[in-house]
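Each remark here refers to the structure printed beneath this line.
Residue numbering restarts at 1 for every chain, and letters A, B, ... go by the order of the sequence lines.
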There are 2 protein chains.
Amino acid sequence: MARPKPPTMADVAAAAGVSPMTVSRALRKGTSASSETRAKILKAADELGYVLDSTASGLSSRHSGFVAMTIPSINNTNFADTLRGLSEGLKNTNLDLLLGYTNYDIMEEERLVRSFLRRRPEAIVVTGGNHTEQCHKYLAASGVPVIETWDLPKNPIGSVVGFSNAQAGELMARHLFENGYRKIGFIGGYTQRDTRGYDRRTGFLKALKDLGLDDTRVADTGPPPTSMSAAANALTDLLNRYPDTQAAMCVSDPAAFGAMMECHRRGLSVPGDFAIAGFGADDVSSNSIPPITTIDVGAYMIGSNTAQIIKEALKDETPQACVQNLGCTLTVRASSGKITR
Amino acid sequence: MARPKPPTMADVAAAAGVSPMTVSRALRKGTSASSETRAKILKAADELGYVLDSTASGLSSRHSGFVAMTIPSINNTNFADTLRGLSEGLKNTNLDLLLGYTNYDIMEEERLVRSFLRRRPEAIVVTGGNHTEQCHKYLAASGVPVIETWDLPKNPIGSVVGFSNAQAGELMARHLFENGYRKIGFIGGYTQRDTRGYDRRTGFLKALKDLGLDDTRVADTGPPPTSMSAAANALTDLLNRYPDTQAAMCVSDPAAFGAMMECHRRGLSVPGDFAIAGFGADDVSSNSIPPITTIDVGAYMIGSNTAQIIKEALKDETPQACVQNLGCTLTVRASSGKITR
DNA sequence: TTGAAAGCGGTACCAT
DNA sequence: ATGGTACCGCTTTCAA
């Protein structure tokens, strides 16, 4: 492509009648430069349409000025909240936040992490604690602060801001039990591609077993992200196989909504005939009729705490990795009211 | 921070007993290198934990190897679909896709675009056609292919893959009219922050006026993204001010869902007592009860066509900017069934 | 406050 | 197939 070469600092310097070094200083703040010279330089830069090349400045200064973050999906209230927390937490820094999306695929995550690390981010935030072996190696050897989120990995690479997905599942199982349900199923989370959903399911089923209940009432929803209609189909499947099931936890709130709508279409009232619970404190769970019992994981705080860790790490000579288990809380709503049968 | 300096190509070269130049070639494909040497080099690189510095290689080769994309929100099915289309369309290239999110704020977009352009992307994709003056200047002068999406800007900067949001609004107004509704409102889209939502509203109201109807029945929902509960409140507000309103279009499907739930809570059946329509062909609109009439904008295709344009542009000596109006289609569902009163 | 020189870590180009 | 050299565009460092 024979596109015109963008102007360089030398071009600006020539136009302003100063040395490139002076331009470099004038364009940054906190550096010594007479306001007169600076004005002249800014004018020249503007006229030329000059844009600083951070490829070059990064190479020279050894500061890329950005934080990398991988997210599984960009259609998810939860990750959106985490991103907001992180983004707002980094507002008062000079760090840009660049995102890459993995589509819930750890192979894709590996590719993405590799290409991020080549660009030498100041820190890297990943969603989840399950990575390919190679990806784990990359991160561990990267030399930059690594923060794993939304999970509690067994072998943390660096810092962690998360919660136990298994515990979230357990929490919900016990809630349904306490409300009188005994024949309880789980919808979604089969595939190991979404490790966090899988962990929730595992924790949920283990709790059922510990409570002496049947832990085989499971319906799959295909690969994540779980669509509402996939969850609706899974509910049908569950009821076909276990017609006496009284309640189900779904891997996410949108899934729970999909399943609940299927209940309604089948003439089952919720929770009168069938109780539903979700995960994630999504907008849809508080607005649906009935509102859906869910688990709130403090997604925003995951982000803001992560920002804090990054800022500390970049300040410190020898940053300490820290592991934060933020826990999660049950939000009880009408969809899982006490059993009446 | 006194972090250890990562190994460089020279380190790998020394370890493998070859010149840096040979390492450079061995690490790329499609270059001449004996398989024996290459193996030796790869081994050395792996042992040292070497990761190519694309800051440096980009500076030298003048190829950053990434496409930048700005998105307003990462909690939105529509943008997620566009991203998937773009991402899959770029799979067979060596281009990474890096995302930045603007939170529906064109000032934030300006900052983001500036920092993206400093990193010299191979192309830049922006959502929307409304930018700050400065941002427009940056993009126009960037020298890289610019693709504006999800809109039909009056002064395109480069290529465009979008549709007319105003036309989408008009389409829906005419549909409601044809189904017998005469007292019709609009929920959301007040703020100019979300230009696309604003355009839909403007087109909708203009069509009402052209049809000889009252075009003042508007309820605001605050800044985007419009939450379900904000839309529910707006519905209440609309009915308080115009109790005889028969139908409303909402700025998005989640908003429509929120408004519809509010109808149900107030004992209004949909569409019997009040008709609802949305925008965006979101999952929630096809799964809710009743399903919601919406407008499908072919979000995935916006992404895949954009990928195509990028590939063409990077191949060509003199890339041609192209403007694609993909249009949008009405999807009629039960929530806006023919008026019965 | 300003400038000159050196180099950040790679690749293009030209030799061998 | 491999190596040497210049240089990408900027900042660091040192000197004036």
### Nearest-0.5 Å distance, CG of residue Leu97(A) to CE of residue Met69(A)
7.0 Å
### Query
How does protein reach along nucleotides 8-16 of chain D, written 5' to 3' as B (base within reach of a heavy atom under 4.0 Å), S (only sugar-phosphate), or - (no contact)?
BBBBB----
### Message
Check this for me, if you would: do Lys91(B) and Glu88(B) make a salt bridge, where the nitrogen-to-carboxylate-oxygen distance has to be below 4.0 angstrom?
### Response
no
### Message
Less than 4.5 Å apart, side chain to side chain, heavy atoms only: is that true for Pro72(B) and Phe79(B)?
### Response
yes
### N-O pairing of Glu36(B) and Lys40(B) below 4.0 Å
no
### Message
Under 4.0 Å from a heavy atom of chain A: give me the 5'-most and 3'-most nucleotides of DNA chain C that qualify.
### Response
dT1(C) to dG9(C)
### Query
Between Asp46(B) and Lys137(A), does at least one N-O distance fall below 4.0 Å, as a salt bridge requires?
yes
### Task
Please lay out, stage by stage, how Tyr50(B) and Met9(B) fare under the test side chain to side chain contact (heavy atoms under 4.5 Å, CB included).
CA-CA 8 Å; Tyr50(B) 173 75; Met9(B) 208 169 252; 3.7 Å; yes
### salt_bridge(Glu110(B), Arg114(B)) N-O dist < 4.0 Å
yes
